[in-house]
Structures are given as structure tokens and as C-alpha cells.
2 protein chains.
Amino acid sequence: MSAASIKEVARHAGVSLGTVSNVLNRPNRVAPATRQRVLDAIAELGYVRNDSARQLRAGHSRTIAIVVLDVANPFFTDVVRGAEQVVEEAGAMLVVCNSGEDRARERRHLELLEEQRVRGVLITPVGHGGQPDLERLHNRGIPVVLVDRESGRASCCSVAVDDVLGGRLAMEHLLERGHRHVAYLGGPFTIPQVADRHAGAAAALAAHGDTSELRVAPTDTLTVSAGRRAAAELVALPAAQRPTAVFCANDLIALGVLQELTTRGLRVPDDVAIVGYDDIEFAGAAAVPLSSVRQPREQLGRTAAQLLLEEAEAGATHRHRHVVFQPELVVRHSSDQARR
Amino acid sequence: MSAASIKEVARHAGVSLGTVSNVLNRPNRVAPATRQRVLDAIAELGYVRNDSARQLRAGHSRTIAIVVLDVANPFFTDVVRGAEQVVEEAGAMLVVCNSGEDRARERRHLELLEEQRVRGVLITPVGHGGQPDLERLHNRGIPVVLVDRESGRASCCSVAVDDVLGGRLAMEHLLERGHRHVAYLGGPFTIPQVADRHAGAAAALAAHGDTSELRVAPTDTLTVSAGRRAAAELVALPAAQRPTAVFCANDLIALGVLQELTTRGLRVPDDVAIVGYDDIEFAGAAAVPLSSVRQPREQLGRTAAQLLLEEAEAGATHRHRHVVFQPELVVRHSSDQARR
DNA sequence: CAAGCTGCATGAAACGATTCAGAAGGGGGT
DNA sequence: ACCCCCTTCTGAATCGTTTCATGCAGCTTG
């Protein structure tokens, strides 16, 4: 029952405080016989280090936090798994926080993390990431790595995927298949990915030297149900105005669209082609296997964690880095048919 | 840069340590004018509470941990979201740890959490949950709530879903549709859910008073790819021996099975019917919308968190409770056809 | 044999917040 | 004028660890 402290261990083993601490932290400084005596006492009392005290002394914890936009989104769960690998290898602990794309919750989390003096923060910020919150952390000496955001010249490392390129790849593919009337589904546009993927698609269309239009159907979140709602609106359009293909800002939206279109009697890809984004595990398992833009999700997490640990080690000598990965288009049945 | 302490705030505001602490913790004990002066000093210095110190004094943290078998499994992400709601309402913080169904990792996490003196632990333990690790936590005075496990008479609360019933519902449904040759896919059987769902299915079959056999095809994990592999083996069987329906221990397996069967040219539900378990969001969006046994996932998380907070408040006066939810069968196209 | 090492062990001094007994000052009641 | 109470503020003690200057043997070495 309850908390045996280092002091009681010391008394039990007949040594001083410092010696117990040494057994714990630099065992080779302690004579084998003494060490054993202390270890026995520890076992007997069921002593467990008090991390608060240790942290208090050290000035910071051995915890690293990752703040994601949505814990239930497979994209982020994979990023988390990647980060986890690296963090645990380093003997630290990863805590996962969920901002739910809500700025207030994000701020609340960051405040708590700051109070806990976490060793560093991996974050996909709500919005652009130019937040003063992040600046504050940095000023406090807490390294921050932006995940899936480019930090520009900002005061932290970043790991991102070239979303403009991803949008371009998707659009070029659709153009090649003969689609001229394409809709872009996703939102909110305050999320840089949503905006970048759109920009890439728009650029591809422009480069194609065509007067065709990229219809934009903004959604309020990146979820399956948002996709269903957006698709319902498309179906309601007169057939002549209805796009022949949709490019979705992520796979959840795309799955929602697929579901709704099918329910409403439209065939994919015959009536409407679909390209998603993220290539989550379920994309290939969907009603119609989904074309999608694949991102190296776990690697994103791993790299982010590595950069963070590096910065935490290096301290002032650290130079910020910006890693950008290339996405890759995976064509499946949902868009694999020439138009007309 | 760096850490203004409460002492510096005090000096800056021309008051004593204790007063600053009072402003932080019992503002109404402090005269308005003084309070304002302190708040100004706090703002000016950018002071942020040091939680380690606070914890050290308090003896425990305000953090609650949830240890799940797989962060990427939609079942758990929903449980996490439920727990999150409750925990955040209580002003605490939820940290998510991933055991990955690995006992060693689970133990490592629990050790770290114990060192951190977390306020409580929600856990879906690897295996049955009779672990000495959990016993230890409990002895230390750290409340533990089992999630999706029944604790028997054990020394903690638990929140579970009646998996035997779930298995029974699924099997009765298949029998009703005329299936006599059914396979159960899932594993490892060391996971109680896997065993319970099987037990329920087997019981239903026995009750049906039939000599038919419940073929068991064990898998090593509960993932999409394990489902694909298991399905590949079924397909390899001579047609006469091949089951006409499969009941899967979870939806990920079911999706894998669906994918593989379709790829190999078998039609669902015509050639083989499928029933999954969990009713994850993607179940309805699958190639053939998946019948599945639905569990109240978020509510599981919410209830677990509530029980935990209750126990943390109540202390010794607390009486352990065991909540069991009822699952519900959702019939979709993948099994909605009478046999023959 | 003195001087200098080396290897071990010691215990006081932080770290930063909370708490609590008590001091100081200001009314109000008698 | 006196006493008591109440509000407001004070500062020392405490939580459990790590670290560091110091002490103390027992050796080697010249």
C-alpha cells in the first residue's frame, strides 16, 4: 500500500539517500554488494520512482506529445504509430491529444502540455500553424515539430507531404481519362491540406489549357457523413450540370460520396468517377475500390519524432529542417475508366 | 525565455508566495486589488504553473490514461473519444497508450504510468486481465477500470459488452437465413472477446439442435490482412466443404474476407454470407454493406471514464461496479439473403 | 612513511508549488 | 477603551528526487 520513498529504501538498506539514487541512475558507481542490498530493499518495499519529483528536479519531463486533428482518422492513427516507434525506442513516452479541429481545445491541450513541461510537441495545428500558442511553446524552450504542415520560415522543424503535387496528380489522372467537368469536395478551406490539394487540382486544370471549370463543393469537416451530404447535393443537380468526376480532399469524404451515390442509383465509375486522398486501409476495401493519393503516413510520424528528439538533444545548436515527402497516385476501379 | 516561478511572480507583484498560490487556487480569498496585481505580474512574466511541482505536493497527477490494444482500430478510437469527453469535462487530461496486443509493451506502459502517479487507468488488458500488473496498480491506490472485459469478482470496476450474446445474435441470424455450414474467423483466442463471440455462436448452433458444425479458422491478429489470409484458405477448400457463411470476430477481418472473396470471384452474399462485429463506420461503406454486431463504443468509453472518476473521488468508500451493455445486430446486404 | 589517488558513500541543497498556523490590520459590539 | 472576530496576507515546512561538494578508507608510489 502506498508510496515508499527513496528515503525509506535507504533506511531499509542501511545506506544513504544518494546511494539509492546512484543505484537507480548510475549503478556502476556503486559497489556490487551495496547495489544488491539496495535492489533487494527496492523489491521488498515495492518502491516505484516518483516521476513528478524527478521531473521537478530535471526541469522537464520525458514525455512527448502529439496533437492531432482527429484520433479516429486513419491518417492520424498511422502517423501516431510511426511516431510511437521512434519515441519508445528513445525510452520516452508518447501521449496522444485530440484537438478535434477545435482551436479552443487545441489551446487547452497546449496549455496543459506546457504546464507539464513536456519534452516536445508534435502537432498538426488547426489552421495554418502561425499560432502564437506555438510561438509561446518555442519561447519556453519546448521544441515543436509541425506534422503535415510546412512551417515556411517559421521557428520549428516540419514534416509534410507535397499536397499541391498530390492534387495535381489526381487531376491530371482525371483529365487523362477524359473528364472535363470535375468537382472538388472538401473543407474547411482553412485546413491547408484542403486548400493545397485544391490548388494543385486547379493548377493542373489550368495547365491543361481548357476552359473547363473545377466546381468546388465545400464541406465543413473531413468525415464520411460530410461526404454523404456533399454527394446528396451533387445528385440533386440537373444531370447536365452534374460533374462526371469528383476529387475528394480525403478518403473519408470519398467513401461517403461513394456510399451516397450508390444509394441514389448512380454507378461508380460509369456515371461518376471518384478519386480520394490518403489511401487509408479501407480505400481498397470499399464498395468500388477507391483510387487515392497515398502518403507515407507512418514515415511522416517517424521522421517528425526523429526531428523532435534531435532538437531536444541538440538544444541551441539545432538547425531547423523541413522535410517534404512526395505523394503517389494509386489508381483503382473508382476512376479507372475512360470517359465516354 | 524559460521558467518564471511563483516566487518571481510574487516578487514582481510585491506579495508573498502564498498569496500568488491563493490567486491561482482560491481567488476569492484574495482582495480584488491584490489579485489584479498578481494577475498582471503573471501575464507580464508569462508565468505558467509547473505541474511537476504541483503533482509532487499533491501526491498524484490529474492525468488519466487509457491503454488500448490498437490505436488504429476504429473500435478503440471511438472508445477513446467517449472517454475523452468525460475526462475533459472533469478538467483532467486523457493520455492514450497503445499496447499493440503486446504484453511487454503493456507492462512498460503501466510502469511508466505508475511512475507518473496517474490518477487512474482505463485499460483493455492483453489477455484476461487477471494480471499482477493491474493488481499492483490497485495496491498503489491507482484505480483501474477494465474496458471491454468483465472483471469477475476482481478488484476493479469494469465496462463490457455481452460478447456471448453478440455471437449468439449473429449465429441465430445466419441459421435463420438457412445457413448450416458456417465458419468462425478470428483470433487469437487468448483475447476474451474472440473466445466469447465464438462461444455465443457455438451455443446458438447447439441450441438449434443440429449436427452442423462450426468450423473455426483462427487468425493471429484482428486485422484486414489477417482476414484476407484466412479467406484465401477458405477459397482453397473444395466447394463442397466450403462454408456458406462466415462470422468474423471483428469488422476488420470481415472486410479482409470480403475483399479476398470478391477478388477470387466469389459473390457475397450469394456464394458466401458474411457477418462482422463492431459495426465500424466503414462496415456500411464496404463493397457489400456489411452485417455486423454493433456495440455502444463511445458509451463504453464514457461510462468507463465516469466509473474511474467516481472511484478516484470516493476513495475507500467506493464500491466496484460492473456495467454490461447489450450488443445489437445490424443486418445489411452481406448476409441478407435466404440460403438455397 | 608521507603524499596522492581511487573508489564509495554521505547528506545538504536545490527544484516549484501548496498548505497551514499565525500575524497584522480593521471594524463592530459592549 | 477594550475585546473579539474577520479578512487578508505571510513565510516556513513539505513533497521525493537528483546532484555535488565532501569525507573516509585503503592503496600505490616515490
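First the proteins, then the strands, lettered A, B, ... as listed; each starts at 1. Because the structure is predicted, anything quoted here is derived from the model rather than measured.
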Rounded to the nearest angstrom, tell me the gap between atom CD in B/Glu8 and atom P in C/dG16.
8 Å

Is any side-chain N or O of B/Arg117 closer than 4.0 Å to OP1 or OP2 of D/dC15?
no

Below 4.0 angstrom from OP1 or OP2 of D/dT18, is there any side-chain N or O of A/Asn25?
yes

Rounded distance (Å) that lies between atom P of C/dT10 and atom CD1 of A/Ile6
13 Å

Give A/Thr19 one of three labels, base, sugar-phosphate or nothing, depending on what nucleic acid heavy atoms sit under 4.0 Å from its own.
base

Touch check for B/Val30, heavy atoms < 4.0 angstrom, all strands: base, sugar-phosphate only, or nothing?
sugar-phosphate

Rounded distance in Å - CD (A/Gln55) to C1' (D/dC15)
14 Å

Minimum-distance nucleotide to B/Ser16 side chain [options: D/dT18, C/dA17, D/dG11]:
D/dG11

Just to confirm, is there a sub-4.0 Å distance from OP1 or OP2 of C/dT19 to any side-chain nitrogen or oxygen of B/Arg26?
yes

Rounded distance in Å - CZ (B/Arg62) to C1' (C/dT18)
13 Å

Has the side chain of A/Asn98 got a donor or acceptor atom that lies under 3.5 Å from a matching backbone atom of A/Val71?
yes

Return the 5'-most residue of the pair B/Leu17, B/Ala53 with respect to DNA chain D, ranking by each residue's nearest nucleotide.
B/Leu17

Can you tell me if the side-chain N/O atoms of B/Ser5 get under 4.0 Å from OP1 or OP2 in C/dG16?
no

Is there a side chain to side chain contact (heavy atoms under 4.5 Å, CB included) between B/Asn50 and A/Arg117 once you walk through the steps?
CA-CA 7 Å; B/Asn50 184 327; A/Arg117 304 289 192 268; 3.9 Å; yes

Output yes when at least one side-chain N/O atom of B/Arg54 is less than 4.0 Å from OP1 or OP2 of C/dT18, else no.
yes

Quick check for you: among D/dC9, C/dG16, C/dC8, whose closest atom lies nearest to any side-chain atom of B/Thr34?
D/dC9

Scanning both residues in full, the closest heavy-atom pair of B/Ala314 with B/Thr317 reads O-OG1, 3.3 Å

Show your working on side chain to side chain contact (heavy atoms under 4.5 Å, CB included) between A/Glu88 and B/Arg108 and close with a plain yes or no.
CA-CA 10 Å; A/Glu88 280 180 21; B/Arg108 169 115 186 89; over 6 Å; no

Verify the contact: side-chain N or O of B/Ser21 to OP1 or OP2 of C/dA17, cut-off strictly under 4.0 Å; return yes or no.
no

Spell out yes or no: do the side chain of A/Arg57 and the base of C/dA14 have one donor N/O and one acceptor N/O closer than 3.5 Å?
yes

Rounded to the nearest Å, what distance is computed from the CZ atom of residue A/Arg29 to the C1' atom of nucleotide D/dT19?
11 Å

Can you see which heavy atom on A/Ala53 is nearest to which on B/Leu56, and at what distance?
CB-CD1, 3.8 Å

A/Asp40 with A/Arg37: basic N within carboxylate O range, under 4.0 Å:
no

Do any N or O atoms from the side chain of A/Arg140 and from the backbone of A/Glu114 form a donor-acceptor pair under 3.5 angstrom?
no

Would you say the ring centroid of A/His320 lies under 6.0 angstrom from that of A/His322?
no

Residue mapping more 5' on DNA chain C - nearest nucleotide basis, B/Val20 or A/Asn22:
A/Asn22

Degree of bending in the helix from C/dC1-D/dG30 to C/dT30-D/dA1 once both end axes are built from five pairs, to 10°:
50°

For B/Leu56 and C/dA14, give me the distance from atom CG to atom P, rounded to whole Å.
17 Å

Whole angstrom value for the distance that separates C1' of D/dT18 from CG of A/Asn50:
13 Å

Out of D/dC9, D/dT18, D/dT10, which has the shortest distance to the side chain of B/Ala31?
D/dC9

